[in-house]
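Contents: one structure, followed by commentary.
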Amino acid sequence: MRLLHTMLRVGDLEASIRFYCDVLGMKLLRRDDFPDGRFTLAFVGYGDESNHTAIELTYNWDTSAYTLGDAYGHIAIGVDDIYATCDAITAKGGKVIRAPGAMKHGTTVIAFVEDPTGYKVELIQVGK
């Protein structure tokens, strides 16, 4: 078994694709419109779905915003240089909501960014 994808409902598909691809460096792997169901699925990730986990961005044509619950936490991405990554994200218009630093009660260096829908993405220093 392996994890295939995580699905996020988004209110602005184009803004979300730009964030995950242009700001976080993922690739748009595939996109399909379902007119009868009035929704679009866009899959983004760092590699081919045959051996990488993806994020499924679900855009329901008649819904422009969602109330984010308090049960969902975040997506986590490992990065080699968290400080340079946060600088690059900021330079590309991304929103860093927690600057890089050691996690509370630990030594792992983390940061958080927020996508256009309000979902949190944790960056974890795995290199250096």
Side-chain angles (χ1 to χ4, degrees):
M1 284 192 265
R2 74 176 183 89
L3 186 63
L4 298 176
H5 65 263
T6 295
M7 185 273 274
L8 301 174
R9 289 182 179 91
V10 300
D12 184 335
L13 182 59
E14 299 309 319
S16 295
I17 289 171
R18 278 192 305 276
F19 173 78
Y20 286 98
C21 293
D22 297 344
V23 176
L24 294 185
M26 295 182 186
K27 293 178 177 61
L28 178 61
L29 304 172
R30 59 188 166 108
R31 178 181 176 153
D32 296 299
D33 292 322
F34 297 87
D36 291 343
R38 301 192 52 73
F39 67 94
T40 300
L41 302 180
F43 288 79
V44 295
Y46 291 112
D48 185 86
E49 290 177 84
S50 64
N51 54 18
H52 289 85
T53 302
I55 297 174
E56 173 188 334
L57 304 174
T58 298
Y59 172 64
N60 293 299
W61 299 357
D62 301 315
T63 306
S64 62
Y66 290 93
T67 302
L68 303 182
D70 59 1
Y72 179 79
H74 59 268
I75 296 166
I77 298 173
V79 299
D80 291 331
D81 182 339
I82 199 164
Y83 298 96
T85 300
C86 284
D87 287 345
I89 287 170
T90 300
K92 294 176 184 175
K95 183 177 176 184
V96 176
I97 59 171
R98 190 230 194 244
M103 62 181 273
K104 192 174 185 178
H105 310 295
T107 58
T108 303
V109 178
I110 64 170
F112 278 89
V113 298
E114 187 175 84
D115 85 354
T117 302
Y119 293 112
K120 308 302 184 272
V121 178
E122 180 181 21
L123 305 176
I124 301 173
Q125 177 81 33
V126 295
K128 292 191 177 187

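Every heavy atom of this structure was used, including side-chain atoms; hydrogens, water molecules and symmetry mates were not. In this text, all values refer to a predicted model and were calculated from it rather than measured experimentally.
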Minimum heavy-atom separation for Leu41 and Glu56, please, with both atom names. CD2-OE2, 3.2 Å

So, do Val121 and Tyr119 sit near enough that their side-chain heavy atoms are less than 4.5 Å apart? no

Shortest non-hydrogen contact between Tyr83 and Pro100, atoms and distance: CE2-CB, 3.4 Å

Are Val23 and Ile124 joined in one hydrophobic group, where the rule is that I, L, V, M, F, W and Y side chains link up if heavy atoms are under 4.5 Å apart? no

Single-linkage hydrophobic cluster, 4.5 Å side-chain cutoff, Leu68 and Phe19 together: yes

For the student: nearest non-hydrogen atoms of Cys86 and Val96, plus distance: O-CG2, 3.9 Å

Heavy-atom side-chain proximity of Tyr46 to Leu24 below 4.5 angstrom: yes

What orientation do Phe39 and Phe34 show, parallel under 30°, tilted 30 to 60°, or perpendicular over 60°? parallel

Can you establish whether the number of heavy atoms outside Asp70 located under 6.0 Å from its atom CG is more than 12? no

Spacing of Asp115 atom CG and Asp12 atom CG [to the nearest 0.5 Å]: 10.5 Å

In this structure, would Val113 and Met103 fall into the same cluster of hydrophobic residues linked by side-chain contacts under 4.5 Å? no

With a 4.5 Å cut-off on side-chain heavy atoms, are Ile77 and Met26 touching? yes

Reported CG-to-NE2 distance for the pair Leu57 and His5, which is rounded to 0.5 angstrom: 10.5 Å

Gap between atom OH of Tyr59 and atom CZ of Arg38 - 0.5 Å precision: 9.0 Å

When rounded to the nearest 0.5 Å, the distance separating CG of Leu4 from OG1 of Thr53 is 7.5 Å

Any donor-acceptor pair under 3.5 Å linking the side chain of Gln125 with the backbone of Asp80? yes

Test side-chain contact (heavy atoms from CB on, under 4.5 Å) on Asp22 and Lys92; report intermediate values, then the result. CA-CA 8 Å; Asp22 297 344; Lys92 294 176 184 175; 5.6 Å; no

Correct closest heavy-atom pair for Arg98 and Lys104 would be NH2-N, 4.4 Å

Shortest non-hydrogen contact from Ala42 to Leu13? CB-CD1, 4.0 Å

Do Pro116 and Val10 have side-chain heavy atoms sitting under 4.5 Å apart? no

Would you say that Arg31 contacts Ile17 through its side chain, given a criterion of any heavy-atom pair below 4.5 Å between the two side chains? yes

Within the structure provided, determine whether Leu123 and Ile89 are in side-chain contact (heavy-atom separation under 4.5 Å). yes

Can you give me the closest heavy-atom contact between Leu28 and Cys21, atom names plus distance? N-SG, 3.5 Å

Atom CG in Leu8, atom OH in Tyr66: separation rounded to 0.5 Å? 11.0 Å

Distance in Å, Ile75 CD1 paired with Lys120 NZ, rounded so as to fall on 0.5 Å steps: 11.5 Å

Side chain proximity check, Asn60 to Arg9, heavy atoms < 4.5 angstrom: yes

Are Val79 and Val126 packed together at the side-chain level, in the sense that at least one heavy-atom pair is separated by less than 4.5 angstrom? no

